[in-house]
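In what follows, a single structure is set out as structure tokens and then discussed.
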Amino acid sequence: MVSPVGIQMEKNVGGLDQGIRITLGPALVVAAIASMGGERRLGPALTAAAFAVGAMLTVTGLTQTCPANSAMGRNTYGQSEDLGDAAREVREKALQ
């Protein structure tokens, strides 16, 4: 995969790592949007942090590339983890 700045990125996010990212990421984005809409007040700094982290987790989970994983030498892409039926179903729906 080529990043927007033209750097070749290897896939390094997979299995349970990817499932957590594509589940937790959108949840944080929704929480931040709800905070901005007045549903629940988190404070401006926490709202911004929740939105930024949620967006980052969502993008890295869907693209299966994470610069932080690369920097740490971490690669979960090729791992086959037993997610269980419920987690596997959530992951497949999120990837559609």
Side-chain angles (χ1 to χ4, degrees):
M1 170 175 211
V2 177
S3 73
V5 292
I7 299 171
Q8 183 70 24
M9 296 280 300
E10 300 270 338
K11 289 185 177 184
N12 60 8
V13 176
L16 184 59
D17 185 17
Q18 182 185 21
I20 290 170
R21 289 170 188 256
I22 61 178
T23 303
L24 184 59
L28 286 172
V29 170
V30 168
I33 291 171
S35 177
M36 287 186 269
E39 292 294 319
R40 298 207 178 234
R41 285 304 204 188
L42 298 176
L46 191 55
T47 299
F51 189 84
V53 170
M56 178 196 60
L57 288 174
T58 302
V59 169
T60 58
L62 292 174
T63 62
Q64 295 181 303
T65 60
C66 178
N69 275 4
S70 292
M72 293 184 293
R74 184 170 178 238
N75 186 347
T76 60
Y77 179 68
Q79 296 177 357
S80 60
E81 298 157 345
D82 185 19
L83 298 177
D85 293 334
R88 191 173 296 107
E89 185 177 317
V90 169
R91 178 176 179 228
E92 292 303 317
K93 284 182 182 178
L95 291 174
Q96 291 178 352

**Request:** Enumerate the residue pairs fulfilling salt bridge (Lys or Arg N to Asp or Glu O under 4.0 Å) with a member in residues 64-75, sequence neighbours excluded, ordered by first and then second residue.
**Result:** D17-R74
**Qualifying side chain to side chain donor-acceptor pair (under 3.5 Å) pairs, either residue in residues 48-60, two or more places apart** = R21-T60
**Message:** If you define the side chain from C-beta out and look only at heavy atoms, does anything of N69 sit under 4.5 Å from V13?
**Reply:** yes
Solution key, residues 46-57 side-chain donor-acceptor pairs under 3.5 Å, sequence neighbours excluded:
{"from": "T47", "atom 1": "OG1", "to": "S35", "atom 2": "OG", "distance (Å)": "2.8"}
{"from": "T47", "atom 1": "OG1", "to": "G43", "atom 2": "O", "distance (Å)": "2.8"}

**Request:** Tell me, please, which residues at least two apart from T23 pass side-chain contact (heavy atoms from CB on, under 4.5 Å).
**Result:** V90
**Prompt:** Under the salt bridge (Lys or Arg N to Asp or Glu O under 4.0 Å) rule, what pairs show up with a residue in residues 42-70, not counting sequence neighbours?
**Reply:** none
**Message:** Side chains of S70 and N12 only: does a donor on one sit below 3.5 Å from an acceptor on the other?
**Reply:** yes
**Asked** Is M36 reachable from V29 through a run of I, L, V, M, F, W or Y residues, each pair having side-chain heavy atoms under 4.5 Å apart?
**Response** yes
